[in-house]
Amino acid sequence: MEKNNNIKEIPFTNIDGIKVGHAQDIEAGTGCTVIICEEGATAGVDVRGGSPGTRETDLLNPQNLVDKIHAVMLSGGSAFGLDAASGVMKYLEERGIGFDVQITKVPIVCSAVLFDLTVGDYRVRPDFNMGYEACKNATNEECPNGNVGAGTGATIGKFLGMERAMKGGLGSYAIQIGHLKVGAIVAVNALGDIIDPDTGKILAGLLDEEGKKLIGTENIMAAKYSEKKNIFSGNTTIGVIATNGIFTKSEANKLASMAHNGYARTIRPAHSIFDGDTIFTIATGKVEADINVVGFLAARAVERAVINAIRSAESAYGLKAYRDLF
């Protein structure tokens, strides 16, 4: 995107009506990130990868009753990490936040997980208590990037195994035009490499045998095209688009779809059968906005969130990070 003086960069947490909280176990190499909308937000989702782990995505179908959600949980731990969303439900119910069913309020909490069991201690994964803790930590303060929350155990470039992989992480980015705000928060845990879309340069991913140079995942995959591999070293990039725009459930789902362009521009390959790439949209409904404009801004926000995740990541668990190479 060319520089536009009407567009300014803002913290993701400046978007009206949301808070973000993180909890992690650094030693175990896992964590979770919660995005809370106490007043409720219209939501959508688009699952593109072939190995997803999700919760409450069916509710986001426009045919179904519930029209607002109250939180999205991004979590490590593979399918085990879906348990963290239960901690979010408890936290919100205690505060009277949720879908009113007369006898109580049921918080609607969507979730997606990534596979980080190959770093740290696989026996420790985000659970009820970690999800609750992330909610207690939720604030409007600027969101940290790198080895935090759902990005704690995230890795990238795993086609030839973990010994040639690099450290992924959590990234966020948001922009404002007039009163409209659009942002993304992404936990980057891809099979492939991370590309700077402005230059085409590989920033991080599959390393050579000496661990000194990036050799390009797609190049290696293409050379081994006849070998059918089950790459169970764990992948998946998961994220949330947030906007203060006013949108329907159908439009929120479309925005999630449009935002996947940000993955396609920065992750090569994206949406593989070994990734569970997922994007949620949450719209807090404060400002009238054109879906086409928000769609391309969302894709751009995803791009920059992915790049921020990689540039902020620090070496850990025997894995090099971007800052070790550049």
Student: To the nearest 0.5 angstrom, please state how far the CG atom of N244 sits from the CG atom of N14.
Tutor: 10.5 Å

Student: M166 versus L214: any side-chain heavy-atom pair under 4.5 Å?
Tutor: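 Touching, per the 4.5 Å side-chain cut-off.
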
Student: Please say whether more than 12 non-hydrogen atoms of neighbouring residues, nucleotides or ligands are located less than 6.0 Å from CD in E94.
Tutor: yes

Student: Compare all side-chain heavy atoms of V186 with those of S172 and state whether any distance is below 4.5 angstrom.
Tutor: no

Student: Could you please spell out the steps behind the side chain to side chain donor-acceptor pair (under 3.5 Å) verdict for T284 and D16?
Tutor: CA-CA 7 Å; T284 59; D16 307 307; 5.3 Å; no

Student: Would you indicate whether the side-chain heavy atoms of R48 and S257 approach each other to under 4.5 Å?
Tutor: yes

Student: How many angstroms lie between atom CE of M73 and atom SG of C135, to the nearest 0.5 angstrom?
Tutor: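 It is 5.5 Å, given to the nearest 0.5 Å.
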
Student: Keeping the roles fixed (side chain from R125, backbone from L117), state whether a donor-acceptor pair exists under 3.5 Å.
Tutor: no

Student: Which heavy-atom pair separates N189 from T237 by the least distance, and what is that distance?
Tutor: N-OG1, 3.4 Å

Student: Evaluate the criterion side chain to side chain donor-acceptor pair (under 3.5 Å) for residue pair D127 and N129; output intermediate values, then yes/no.
Tutor: CA-CA 5 Å; D127 57 9; N129 292 329; 4.5 Å; no

Student: From the options V188, L319, L114, L191, select the one residue that forms a side chain to side chain contact (heavy atoms under 4.5 Å, CB included) with T155.
Tutor: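 Result: among V188, L319, L114, L191, L319 is the only option passing the side chain to side chain contact (heavy atoms under 4.5 Å, CB included) with T155.
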
Student: Measure from the side-chain N and O atoms of R164 to the backbone N and O of L207, and report whether any donor-acceptor pair falls under 3.5 Å.
Tutor: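 A pair under 3.5 Å: yes.
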
Student: Specify the closest pair of heavy atoms between I238 and Y263, including all atoms of both residues, with the distance to one decimal.
Tutor: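 The answer is C-OH, 3.4 Å.
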
Student: Would you compute the distance between atom CG of N61 and atom CG of N64 and round it to the nearest 0.5 angstrom?
Tutor: 5.0 Å

Student: Side chains of D46 and T278: any donor to acceptor distance under 3.5 Å?
Tutor: no

Student: Please check: side-chain N/O of T199 versus main-chain N/O of K201, any donor-acceptor pairing under 3.5 Å?
Tutor: yes

Student: Consider side chain to side chain contact (heavy atoms under 4.5 Å, CB included). Of V240, I241, T42, which one does T281 pass it with?
Tutor: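 Result: among V240, I241, T42, I241 is the only option passing the side chain to side chain contact (heavy atoms under 4.5 Å, CB included) with T281.
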
Student: Walk me through whether R55 and S86 qualify under side chain to side chain contact (heavy atoms under 4.5 Å, CB included).
Tutor: CA-CA 11 Å; R55 167 178 168 149; S86 298; 3.5 Å; yes

Student: How long is the gap from CD1 on I310 to CG on D193, to the nearest 0.5 Å?
Tutor: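 Reported to 0.5 Å precision, the distance equals 10.0 Å.
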
Student: Determine yes or no for a side-chain-to-main-chain donor-acceptor pair under 3.5 angstrom, with K286 supplying the side chain and L180 the backbone.
Tutor: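 It does not hold such a pair.
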
Student: Is there a side-chain contact between N147 and K167 (heavy atoms, below 4.5 Å)?
Tutor: yes

Student: Any donor and acceptor pair, going by atom type alone, linking the side chain of H70 with main-chain N or O of I108 inside 3.5 Å?
Tutor: yes

Student: Please round to the nearest 0.5 Å and tell me the distance separating atom CD1 of I18 and atom CD1 of I185.
Tutor: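 The distance works out to 8.0 Å.
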
Student: Return the minimal non-hydrogen interatomic distance between A165 and I156, and the atom names on each side.
Tutor: CB-O, 3.3 Å

Student: Which residues satisfy the side-chain hydrogen bond (donor to acceptor under 3.5 Å, both in side chains) test with Y122, sequence neighbours excluded?
Tutor: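 Y122: no side-chain hydrogen bond (donor to acceptor under 3.5 Å, both in side chains) contacts found.
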
Student: Do other residues, nucleotides or ligands put more than 12 heavy atoms under 6.0 Å from K68 NZ?
Tutor: yes

Student: Atom CG of residue position N140 - does it have more than 12 heavy atoms of other residues, nucleotides or ligands inside 6.0 Å?
Tutor: yes

Student: Give every residue pair that meets the side chain to side chain donor-acceptor pair (under 3.5 Å) criterion with at least one member in residues 25-37, sequence neighbours excluded.
Tutor: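 Counting only pairs at least two positions apart or across chains, the side chain to side chain donor-acceptor pair (under 3.5 Å) contacts touching residues 25-37 are H22-T33, T30-D116.
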
Student: Do Q176 side-chain atoms and K8 backbone N/O form a donor-acceptor pair below 3.5 Å?
Tutor: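 Not a single qualifying donor-acceptor pair exists.
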
Student: Looking at A313, is its backbone amide N or carbonyl O close enough to the side chain of R323 to form a donor-acceptor pair, meaning the two atoms are under 3.5 Å apart?
Tutor: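 Between the backbone of A313 and the side chain of R323 there is a qualifying donor-acceptor contact (under 3.5 Å).
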
Student: Would you say that I282 contacts T243 through its side chain, given a criterion of any heavy-atom pair below 4.5 Å between the two side chains?
Tutor: no

Student: Any heavy-atom pair between the side chains of M89 and E93 that's under 4.5 Å?
Tutor: no

Student: Does K320 use its side chain to pair, donor to acceptor, with the backbone of S315 at less than 3.5 Å?
Tutor: no

Student: What orientation do Y132 and F128 show, parallel under 30°, tilted 30 to 60°, or perpendicular over 60°?
Tutor: parallel

Student: Is the shortest side-chain N to carboxylate O distance from R311 to D196 below 4.0 Å?
Tutor: yes

Student: How close do N253 and A43 get, heavy atom to heavy atom, and via which atoms?
Tutor: ND2-O, 4.2 Å

Student: For residues G44 and A252, report the shortest heavy-atom separation together with the two atoms involved.
Tutor: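 Scanning both residues, the minimum pair turns out to be N-CB, 3.5 Å.
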
Student: Might you point out which heavy atoms bring A85 and V109 nearest each other, and give the distance in Å?
Tutor: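 In terms of heavy atoms, the two residues are closest at CB-CG1, 3.9 Å.
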
Student: Any donor and acceptor pair, going by atom type alone, linking the side chain of T152 with main-chain N or O of G149 inside 3.5 Å?
Tutor: yes

Student: Could you check whether atom CD of E141 has more than 12 heavy atoms from other residues, nucleotides or ligands sitting under 6.0 Å from it?
Tutor: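 Count not over threshold, so no.
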
Student: I want to check something: taking the side chain as every heavy atom from C-beta on, are Y173 and E303 in contact at a cut-off of under 4.5 Å?
Tutor: no

Student: Look at D198 together with R304 and state whether they make a salt bridge at an N to O cut-off of under 4.0 Å.
Tutor: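 R304 and D198: salt-bridged.
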
Student: Output all residues satisfying side-chain hydrogen bond (donor to acceptor under 3.5 Å, both in side chains) with E314, sequence neighbours left out; order by chain, then residue number.
Tutor: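 Testing E314 for side-chain hydrogen bond (donor to acceptor under 3.5 Å, both in side chains), a comparison that skips the adjacent residues, returns none.
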
Student: About how many Å separate CD1 of I7 and CZ of R300, when rounded to the nearest 0.5 Å?
Tutor: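 Going from CZ on R300 over to CD1 on I7, the span is 9.0 Å.
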
Student: Quick one: are V72 and V34 in side-chain contact, heavy atoms under 4.5 Å?
Tutor: no

Student: Does the distance from a Lys or Arg side-chain N to an Asp or Glu carboxylate O, for K136 and E133, drop under 4.0 Å?
Tutor: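 Yes.
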
